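Please read the structure below before turning to the comments.
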Amino acid sequence: MMDRDRNKTLLLELQRAAGTDNGRCADCGEPDPEWASYKLGIFICLNCSGIHRNLPQISRVKSLRLDFWENDIIEFMKKHGNLCAKAKYEAKVPPYYYIPQSCDCLVLKEQWIRAKYEREEFVATRVCQDLCSAGSREGFLWKRGRESRQFQKRRFLLSAREGVMKYYTKESRGPKAIISIENLNAMFQTEKIQHAHGLQITYNTDGQTRNLFVYHESGKEIVDWFNAIRAARYHYLRTTFPAVPEPELIPRITRNYVKEGYMEKTGPKQKEAFKVRWFCLDSQERNLMYFKNPLDAFAQGQVFIGKRHEGYEVRAGLPQGVRVKKRKPAITVVTPMREFVFICENDREQREWIDALNGVIAQP
């Protein structure tokens with residue numbers, strides 16, 4: 001019993017020790033990890049420990065507080081730790097490779113963990129692919145039909161060298177779309193697409209944002225596609241903006257929407273009936289887009305969100321003189337041209353939308 005208590009105390013001291021990086025999950029950065037892999041010598045969070053359980057050849061996990069830790073395993077943990085593992089397994093992570101955070105979807109975290117420890121893709125002895133090879137890929141993805149709304153197998157081709165992504169509907173015909181990497185974006189949308197490997201690809205065509213919704217049965221394949229798109233984007237940014245420092249380029253490779261969800265909107269006279277729409281806020285483009293349905297190919301409209309000194313602001317509540325029957329929280333987006341009125345589902349949604357919109361307004 002004394003050994004058990006002593007070892008638990010030692011483990012928790014190790015987790016909190018300065019200069020070890022043990023205070024955050026080794027794989028997703030979640031603070032105060034409560035689990036550890038005693039085969040790899042790393043401290044991990046509950047969610048990542050579930051992924052490690054599926055890799056028994058490489059990793060074995062225990063709870064810091066609930067399990068018994070033998071003296072020799074404590075010694076092993078002392079000699080290793082998160083910084084030590086990072087130096088070994090993350091020695092050559094390419095700058096474009098997406099390192100998931102605790103809030104990211106399961107497939108991103110699982111493939112990151114498998115890439116590090118199972119496939120050892122980033123160890124020092126690995127030869128790195130050149131950017132053009134990393135940003136080139138060909139294969140099949142299941143794509144949602146714009147009219148049919150059914151997912152069908154389509155051939156996709158990505159070329160960093162040519163600066164394009166193409167997809168084909170029939171083998172004999174030319175490409176259905178040729179997408180410039182300059183305005184290509186990709187983000188995981190597992191809940192929206194209702195598939196654990198669902199990916200949303202967006203690009204600009206004739207001044208509009210076009211959405212493609214795709215997935216692949218294989219988690220590795222869809223994450224490889226995502227990182228290939230990121231490599232192609234990184235190649236484009238590096239060659240187009242050679243003077244821009246890397247820390248400024250990395251966030252521009254791909255981006256998630258700042259916030260998405262349902263709100264109700266009225267028309268320009270603010271007397272029209274309120275209609276439920278799906279909204280997406282893109283901070284990079286400074287656009288609030290709205291769709292009839294979350295999986296529509298094109299937005300019904302969009303509101304540009306400028307800077308405060310240009311006359312843009314967001315307010316809680318309705319403009320003077322506007323009446324609504326529903327007793328629900330509202331927000332008013334003020335632009336130099338007009339005021340836009342939206343009704344939120346609840347107070348929490350109202351706060352989140354106001355915070356998200358203020359974040360875009362405050363951007364330089």
Side-chain angles (χ1 to χ4, degrees), residues 51 92-101 104-116 118-119 121-122 126 128-146 150-169 171 175-205 209-238 250-257 295 297:
I51 300 167
K92 281 191 175 175
V93 181
Y96 58 80
Y97 192 96
Y98 185 79
I99 298 175
Q101 307 295 299
D104 280 309
C105 61
L106 182 65
V107 69
L108 272 172
K109 289 190 271 196
E110 185 190 355
Q111 290 308 314
W112 166 236
I113 288 166
R114 286 185 180 274
K116 280 204 288 185
E118 188 178 52
R119 301 192 291 270
E121 287 182 19
F122 314 120
R126 273 291 174 113
C128 294
Q129 267 188 312
D130 68 89
L131 259 187
C132 278
S133 305
S136 298
R137 194 167 186 85
E138 188 175 356
F140 287 89
L141 294 170
W142 289 92
K143 178 194 161 289
R144 189 177 189 269
R146 183 177 156 188
Q150 302 296 311
F151 281 90
Q152 293 167 311
K153 216 170 191 178
R154 296 289 181 246
R155 187 165 74 93
F156 280 77
L157 194 149
L158 174 71
S159 171
R161 188 170 278 107
E162 290 176 38
V164 294
M165 185 180 195
K166 307 171 189 175
Y167 74 91
Y168 300 78
T169 48
E171 283 301 318
K176 173 81 174 167
I178 300 172
I179 303 157
S180 167
I181 285 167
E182 179 186 354
N183 55 43
L184 180 66
N185 186 39
M187 66 189 96
F188 275 90
Q189 291 277 20
T190 57
E191 284 180 35
K192 194 154 91 171
I193 297 171
Q194 295 189 312
H195 193 286
H197 306 156
L199 189 71
Q200 178 175 344
I201 294 167
T202 67
Y203 61 96
N204 294 340
T205 174
T209 299
R210 168 78 160 101
N211 296 324
L212 303 179
F213 300 99
V214 300
Y215 72 84
H216 196 283
E217 300 93 332
S218 156
K220 180 183 184 300
E221 192 69 20
I222 199 70
V223 173
D224 285 349
W225 267 104
F226 178 59
N227 280 307
I229 289 169
R230 284 180 61 85
R233 282 276 306 151
Y234 181 67
H235 176 264
Y236 159 76
L237 290 167
R238 267 265 77 104
I250 303 294
R252 299 188 76 84
I253 297 178
T254 58
R255 64 196 182 277
N256 293 336
Y257 291 139
L295 297 180

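Both backbone and side-chain heavy atoms feed into the values below; hydrogens, waters and symmetry mates do not. Throughout, numbering of the chain's residues begins at 1 and tracks the sequence. Keep in mind that what you see is a predicted model, and the values were worked out from it rather than measured.
- Contact of the Thr254 side chain with the Met187 side chain is not registered, since no non-hydrogen atoms from C-beta on lie closer than 4.5 Å.
- Pro175 and Lys166 make their closest contact through CB-CB, 4.0 Å (heavy atoms, listed as atom of the first residue, atom of the second, distance).
- No donor-acceptor distance shorter than 3.5 angstrom exists from the side chain of His235 to the backbone of Cys132, with no hydrogens or angles considered.
- Annotation: side chain of Leu237 is not in contact with side chain of Ile250 (no heavy-atom distance under 4.5 Å).
- Note that CZ of Arg233 and CG of Asn227 are 14.0 Å apart. Values are rounded to the nearest 0.5 Å.
- Here the closest non-hydrogen pair linking Ser159 and Ser136 is CA-OG, 3.9 Å.
- Considering only heavy atoms from C-beta on, Ile179 stays 4.5 Å or farther from Phe156 through its side chain.
- Using a distance-only test at 3.5 Å, with no hydrogens or angles considered, no donor-acceptor pair links the side chain of Asn211 to the main chain of Gln200.
- Remark: the backbone N or O of Arg255 is paired with a side-chain donor or acceptor of Asn185 at under 3.5 angstrom.
- Around the CZ atom of Arg126, the shell of radius 6.0 Å holds more than 12 heavy atoms that belong to other residues, nucleotides or ligands.
- With Arg154 contributing its side chain and Trp142 its backbone, the two residues share no donor-acceptor pair below 3.5 Å.
- The shortest side-chain heavy-atom distance between Leu106 and Ile51 falls under the 4.5 Å cut-off.
- Within the 3.5 Å criterion, the main-chain N or O of Leu158 finds no donor-acceptor partner in the side chain of Arg137.
- Counted within 6.0 Å of CZ on Arg161, heavy atoms from surrounding residues, nucleotides or ligands total 12 or fewer; the atom is thus considered open.
- Using a 4.5 Å cut-off on side-chain heavy atoms (C-beta onward), Tyr98 and Val223 make no contact.
- Here the OH atom belonging to Tyr234 is positioned 6.5 Å from the CG atom belonging to Leu131, to the nearest 0.5 angstrom.
- Shown here is Gln194, whose CD atom has no more than 12 heavy atoms of other residues, nucleotides or ligands within 6.0 Å.
- Within 6.0 Å of NZ on Lys92 lie more than 12 heavy atoms contributed by other residues, nucleotides or ligands.
- Atom CD1 in Ile222 sits 10.0 Å away from atom CG in Leu108 (nearest 0.5 Å).
- Between Val107 and Ala196 the shortest heavy-atom distance is CG1-O, 3.6 Å.
- Side-chain N/O atoms of Ser133 and Asp130 include a donor and acceptor closer than 3.5 Å.
- Looking at Thr209 and Asn204, their side chains come closer than 4.5 Å, going by heavy atoms from C-beta outward.
- Atoms CG and CZ, on Leu295 and Arg144 in that order, are 4.5 Å from each other to the nearest 0.5 Å.
- More than 12 heavy atoms of other shown residues, nucleotides or ligands fall within 6.0 angstrom of atom CD in Gln152.
- Between atom CD1 of residue Ile181 and atom OH of residue Tyr203 there is a gap of 13.5 Å, rounded to the nearest 0.5 Å.
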Next on the checklist: side chain to side chain contact (heavy atoms under 4.5 Å, CB included) for Asp224 and His216? Distances and angles first, verdict last.
Outcome noted: CA-CA 11 Å; Asp224 285 349; His216 196 283; over 6 Å; no

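- Counting only heavy atoms from C-beta outward, the side chains of Arg119 and Gln111 approach each other to under 4.5 Å.
- With a 4.5 Å cut-off on side-chain heavy atoms, Leu212 and Tyr167 count as touching.
- Here CZ of Phe213 is found 15.0 Å from NE2 of His195. Values are rounded to the nearest 0.5 Å.
- In terms of heavy-atom proximity, Ala297 sits nearest to Arg146 at CB-CG, 3.7 Å.
- Closest of all the heavy-atom pairs between Tyr257 and Gln189 is CD1-NE2, 4.3 Å.
- A ring-centre distance under 6.0 Å is not found for Trp225 and Tyr215.
- Closest of all the heavy-atom pairs between Glu182 and Tyr236 is CG-OH, 3.0 Å.
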